[in-house]
Undergrad: 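Here it is: the structure, laid out below.
Chain letters run A, B, ... following the sequence lines, proteins first, then strands; residues in each count from 1. These numbers come from the heavy atoms of this one structure, side chains and all, not from hydrogens, waters or symmetry mates.
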Amino acid sequence: MRLSKFFGQTLREAPSESDSASSQMLVRAGYVRQLAAGLYSYLPLAHRSLRKIEQILREEMDAIGGQEMCMPVVHPAEIWQESGRWYEIGDEMGRFQDRKGRELVLAMTHEEVVTSLCKSEIRSYRQLPQMVYHIQTKFRDEPRARGGLIRVREFVMKDSYTLDKDFEGLQSQYEAHYDAYHRIGARLGLNLVAVQSDPGMMGGKVAHEFMYISPVGEDSLAICEETGYASNLDVANFQKIPEPASAPEPLTRVHTPGQSTIAKVADFCGVTTRQTGKMVFYMGDFGPEDPSRLIAACVRGDMEINELQLRYAAKAQALRPAEAEEITAAGCVPGYASMCDIDRTKALLVVDDLIPESTNLIVGANERDWHYTGANYGRDFTADVIAPIALAYDGAPDPIDGKPLQVVRGIEVGNIFQLGTRYSSSMGATYTDEDGEGFPIVMGSYGIGVGRALACVAEEYSDEYGMDLPISVAPYQVILVSLGREGEVHEAAETLYHELLAAGIEVLYDDRAVSPGIKFADADLRGIPLRCTVSSRSLKRGGAEFGRRRSKDLAILPLGDAVEQIQAGITECFNVLNRRLEDLPTWASRSE
RNA sequence: CGGGGCGUAGCUCAGCCCGGUAGAGCGCUGCGUUUGGGACGCAGAAGUCGUCGGUUCAAAUCCGGCCGCCCCGACCA
């Protein structure tokens, strides 16, 4: 392709629409343009990169037995009503009506369609297992799109679905995806970390997210490089080590004027926060039948609440922090709330499992400026629920070997999910087994965001001059820069361009009538990994210059075998990338 | 949905406080000179100042509503 005819300009300055490195670079380099919040156009450069990512996804899905198909973006409401998600999901689902007033849904994902296909296509255990996938547009009306391409409202996702007669089959296809996703990450030049994740209220027990570790990520992860433990912070476990037990002291009221926070109280009493108990209040939504109720959560003073685990422990559908009035209404004093004096008819008390193992805690006395010392579980208070509701933290002992966990941020590139029979049961997708008996199909679903993967690659491979994309993802393999508009330089560049095209090399040819500085700056920005320059200087030195983007170490290629050497350079780039395929994590090698 | 910021030429922004004929740099068009890291000269085109309303002799500027975009939080099948 000739840059003189190319659609999509580079920008000297980044538009002020987002501030993550990846989206600024992708905008500046002429890959994407924003149409509205969370809606992007993909210009020719991005489109070529996305097609390459999709091709890698195809190859890896096909390699584990996937069959590619394509399902619609617009669905009738009925299938979402059958699965129940029509009612469970709120404004995030795009809904509209056709001309007859029939309710339609924009696909957020395709479990419902796959399940409905199962009803027509799968009858017998003989037809199982199956793995189907497609690469298709999704729409999720995110309350807040952010981070450029990292969180958008319309996006393309590779989603695959497995169908099995039992959980053993599901497990095997799940493991195949686990390994394939690591291979995909490697081929994209990304280190993906598989972390345990929240299976949600979906019925399954096992789910993993494939994370690209980055400070701009939206998810927090707890990982331990030594033991290999890796988990979304939402579901991270850690070893809880109680303070050394001491003989029970009497529960004693002490005057603590103005000491309304844990840090102040501990300081005031001359103890560490580990010797205190902390109360945090939430309003829990328990569904339409049950009015929302106050939840009092108690963790040791040095720890924070894991809201997801609290929600599960309280069996609530949703939580939000309680307002001061709601706390007061239950007879509790904010800042001095006490698990000893709480009215359990007005609040559900959930305590972390470390609390019963802790002795002589300092806790609120439920009166302004007063605390108790010597609070002990069982004698001074009991709970409605005891559950692990404390949030893992940086440095917490990991659950495998007690080595310190690290809390880092990550971007979720992919996820794999054991659905079980959540959809097949509610929608009636069954197969007949050997004995002629009907059973719901056991399903799994597995996604990878194509555009998000590109954003992560751009994030990883950017510098102050632009992007330096892995050759597997770069829209072109080589940029050919001609520094001459006529005469022998022009002739030599034109000839080389046609030879490269004829050899099947993906070449972007900068034949524009602009200054060399602009050509080099644009070449750096666009992120094409290899550059070949033809100029009067290079011809004097014996041919064309060739090397990695921005490298000072340039080879002079005689024009006669330039194509061959450029081909060799491309192969070398792929070789570098392919080394990432060695020693990849696999399901069998993981340590959870 | 809560908090904050922004909306002026294709892009980045100034002008707004203190009302009085709309600006700069980059980009774009033409001509000429240039050609190894974002060249130079000359000439030129380009903006309903997000939108609606109010105040005023007069509004980009002051006031109010709405819309859009960005950031933080809530939310995230």
Undergrad: Would you measure the distance from the P atom in B:C49 across to the matching atom in B:A43 and give it in whole Å?
TA: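 About 29 Å, rounded to a whole number of Å.
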
Undergrad: Tell whether A:Arg549 reaches the base of B:G37 with its side chain through a donor-acceptor pair below 3.5 angstrom.
TA: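 By the distance-only test, no, there is no pair.
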
Undergrad: Just checking, is any N or O donor in the side chain of A:Ser22 or A:Glu459 under 3.5 Å from an acceptor N or O on the other one?
TA: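 Distance-only check passes for A:Ser22 and A:Glu459.
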
Undergrad: What's the separation between atom CG in A:Leu454 and atom CG in A:Leu50, rounded to the nearest 0.5 Å?
TA: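 Spacing of CG (A:Leu454) from CG (A:Leu50) equals 5.0 Å.
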
Undergrad: Any chance the side chains of A:Arg409 and A:Ser220 put a donor and an acceptor closer than 3.5 Å?
TA: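 Yes.
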
Undergrad: With nearest nucleotide decided by heavy atoms, which residue, A:Glu88 or A:Ala37, maps closer to the 5′ end of RNA chain B?
TA: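 Nearest nucleotide further toward 5': that of A:Ala37.
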
Undergrad: Does A:Ala36 reach a base, just sugar-phosphate, or nothing at all? Heavy atoms under 4.0 Å.
TA: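 The residue A:Ala36 makes sugar-phosphate contact but no base contact.
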
Undergrad: I'd like to know if the side chain of A:Thr162 pairs up with that of A:Tyr446 as donor and acceptor (distance under 3.5 Å, no hydrogens or angles considered).
TA: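 There is such a pair (donor and acceptor under 3.5 Å, judged by atom type) between the side chains of A:Thr162 and A:Tyr446.
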
Undergrad: Just verifying a value: how many Å separate A:Leu43 CG and A:Arg33 CZ, rounded to the nearest 0.5 Å?
TA: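 Result: 5.5 Å between the selected atoms.
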
Undergrad: Taking side-chain hydrogen bond (donor to acceptor under 3.5 Å, both in side chains) as the definition, give me every residue that meets it alongside A:Asn232, ordered by chain and number, with sequence neighbours left out.
TA: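 A:Asn232: side-chain hydrogen bond (donor to acceptor under 3.5 Å, both in side chains) contacts with A:Glu209.
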
Undergrad: On a whole-Å scale, what distance lies between the P atoms belonging to B:U21 and B:G64?
TA: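 One P to the other, the span is 25 Å.
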
Undergrad: Which value, in whole Å, describes the distance between the C1' atoms of nucleotides B:G53 and B:C75?
TA: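 Roughly 35 Å separates the two C1' atoms.
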
Undergrad: For atom P, what is the distance between B:G20 and B:C66, given to the nearest Å?
TA: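 About 28 Å, rounded to a whole number of Å.
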
Undergrad: Atom CG in A:Asp524, atom CZ in A:Arg531: separation rounded to 0.5 Å?
TA: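 A:Asp524 CG to A:Arg531 CZ: 6.0 Å, rounded to 0.5 Å.
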
Undergrad: Roughly how many Å is it from CG in A:Asp234 to P in B:A74, rounded to a whole number?
TA: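 Distance, rounded to whole Å: 12 Å.
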
Undergrad: Which atoms of nucleotides 38-43 of chain B (N or O only) lie under 3.5 Å from a protein N or O atom, and what are those distances?
TA:
| residue | atom | partner | partner atom | Å |
| --- | --- | --- | --- | --- |
| B:G38 | O2' | A:Arg12 | NH1 | 2.8 |
| B:G38 | O2' | A:Arg12 | NH2 | 2.9 |
| B:G38 | O6 | A:Arg28 | NH2 | 3.4 |
| B:G38 | N1 | A:Asp522 | OD1 | 3.4 |
| B:G38 | N2 | A:Asp522 | OD1 | 3.3 |
| B:A39 | OP2 | A:Ser515 | OG | 3.2 |

Undergrad: Figure out the CG/P separation between A:Asp285 and B:A74, and round it to whole Å.
TA: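 Spelled out: CG on A:Asp285 to P on B:A74 is 18 Å.
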
Undergrad: Would you mind reading off the distance between A:Gln34 atom CD and B:G10 atom P, rounded to a whole angstrom?
TA: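 The distance from CD of A:Gln34 to P of B:G10 comes to 17 Å, rounded to the nearest Å.
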
Undergrad: Rounded to whole Å, please give me the gap between CG in A:Leu308 and P in B:C75.
TA: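 Roughly 10 Å, once rounded to whole Å.
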
Undergrad: CG/A:Leu480 to CD/A:Glu494 distance, rounded to the nearest 0.5 angstrom?
TA: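 Atom-to-atom, A:Leu480:CG and A:Glu494:CD are 9.0 Å apart.
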
Undergrad: Find the distance A:Glu142:CD to B:C1:P and express it as a whole number of Å.
TA: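 The answer, rounded to whole Å, is 16 Å.
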
Undergrad: Could you tell me whether A:Val514 contacts a base, only the sugar-phosphate backbone, or nothing, with contacts defined as non-hydrogen atoms closer than 4.0 Å?
TA: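 Since a base atom lies under 4.0 Å of A:Val514, the category is base.
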
Undergrad: Using whole Å, what does the distance between atom C1' of nucleotide B:A74 and atom OH of A:Tyr282 come to?
TA: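 Roughly 12 Å, once rounded to whole Å.
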
Undergrad: What is the nucleic acid contact for A:Glu545, judged by heavy atoms within less than 4.0 Å: base, sugar-phosphate only, or nothing?
TA: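 Base, at least one base atom sits under 4.0 Å.
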
Undergrad: With rounding to the closest Å, how many angstrom separate the C1' atoms on B:G65 and B:A24?
TA: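 Nearest-Å result for B:G65 against B:A24 at atom C1': 33 Å.
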
Undergrad: Verify the distance criterion only: is there a donor paired with an acceptor across the side chains of A:Ser83 and A:Glu112 at less than 3.5 Å?
TA: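 A:Ser83 vs A:Glu112: donor-acceptor pair found between side chains.
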
Undergrad: Between A:Tyr161 and A:Gln130, do the side chains contain an N or O donor and an N or O acceptor separated by less than 3.5 Å?
TA: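 There is no such pair between these side chains.
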
Undergrad: Using heavy atoms to find the nearest nucleotide of RNA chain B for A:Met108 and A:Pro321 separately, return the residue whose nucleotide is more 5′.
TA: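 Counting from the 5' end, the first nearest nucleotide belongs to A:Pro321.
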
Undergrad: What distance separates A:Glu218 CD from A:Met211 CE, expressed to the nearest 0.5 Å?
TA: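 One finds 9.5 Å between CD of A:Glu218 and CE of A:Met211.
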
Undergrad: By nearest atom, which of the nucleotides B:C69, B:G37, B:A74 is closest to the A:Asp524 side chain?
TA: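 The answer is B:G37.
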
Undergrad: How close or far is atom P of B:G10 from atom CD of A:Gln9, stated in whole angstroms?
TA: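 Value for this atom pair: 15 Å.
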
Undergrad: What's A:Arg320 touching, base or sugar-phosphate or nothing? Going by heavy atoms closer than 4.0 Å.
TA: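 No contact.
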
Undergrad: Suppose we define a pair by two distances each less than 3.5 Å, Watson-Crick or G-U wobble; what does B:C69 pair with here?
TA: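 Base partner found: B:G5.
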
Undergrad: Where the side chain of A:Pro143 is defined as all heavy atoms beyond and including C-beta, which of B:C75, B:G73, B:U12 is the nearest nucleotide?
TA: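 Looking only at heavy atoms from C-beta outward on A:Pro143, the closest nucleotide is B:C75.
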
Undergrad: For nucleotides B:A9 and B:A14, find the distance between their C1' atoms and express it as a whole number of Å.
TA: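 B:A9 and B:A14 have their C1' atoms separated by 13 Å.
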
Undergrad: Nearest whole Å is fine: how far is B:G37 P from A:Tyr465 OH?
TA: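 A:Tyr465 atom OH is separated from B:G37 atom P by 13 Å.
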
Undergrad: Heavy atoms from C-beta onward define the side chain here; which of B:G37, B:C75, B:C11 lies closest to that of A:Glu13?
TA: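 Looking only at side-chain atoms, A:Glu13 lies closest to B:C11.
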
Undergrad: Scan every strand shown for a Watson-Crick or G-U wobble partner of B:A46, both distances under 3.5 Å, and answer none if you come up empty.
TA: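 Paired with no nucleotide.
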
Undergrad: Roughly how far, to the nearest 0.5 Å, is the OG atom of A:Ser20 from the CE atom of A:Met25?
TA: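 Separation between the atoms: 10.5 Å.
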
Undergrad: When both hydrogen-bonding distances must be under 3.5 Å and the geometry is Watson-Crick or G-U wobble, what is B:C11 paired with, if anything?
TA: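 Pair assignment: B:C11 / B:G25.
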
Undergrad: Considering every strand shown, what is the Watson-Crick or G-U wobble mate of B:G53 when both distances are under 3.5 Å?
TA: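 Across all strands, the one nucleotide that pairs with B:G53 is B:C63.
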
Undergrad: Does anything in residues 443-464 of chain A come within less than 4.0 Å of RNA chain B? Heavy atoms only, and list the residues if so.
TA: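 Here the set is empty: none.
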
Undergrad: When rounded to the nearest Å, what value does the distance between C1' atoms of B:C72 and B:C11 take?
TA: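 Going atom to atom, C1' in each nucleotide, I get 27 Å.
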
Undergrad: Which is true for A:Leu483 with a 4.0 Å heavy-atom rule: it touches a base, it touches only sugar-phosphate, or it touches nothing?
TA: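 Touches a base.
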
Undergrad: Which part of the nucleic acid does A:Ser536 contact within heavy-atom distance under 4.0 Å: base, sugar-phosphate only, or nothing?
TA: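 Counting heavy atoms under 4.0 Å across all strands, no contact is made by A:Ser536.
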
Undergrad: Suppose you measure atom C1' in B:U48 against the same atom in B:A59; what distance do you get, rounded to whole Å?
TA: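 14 Å, rounded to whole Å.
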
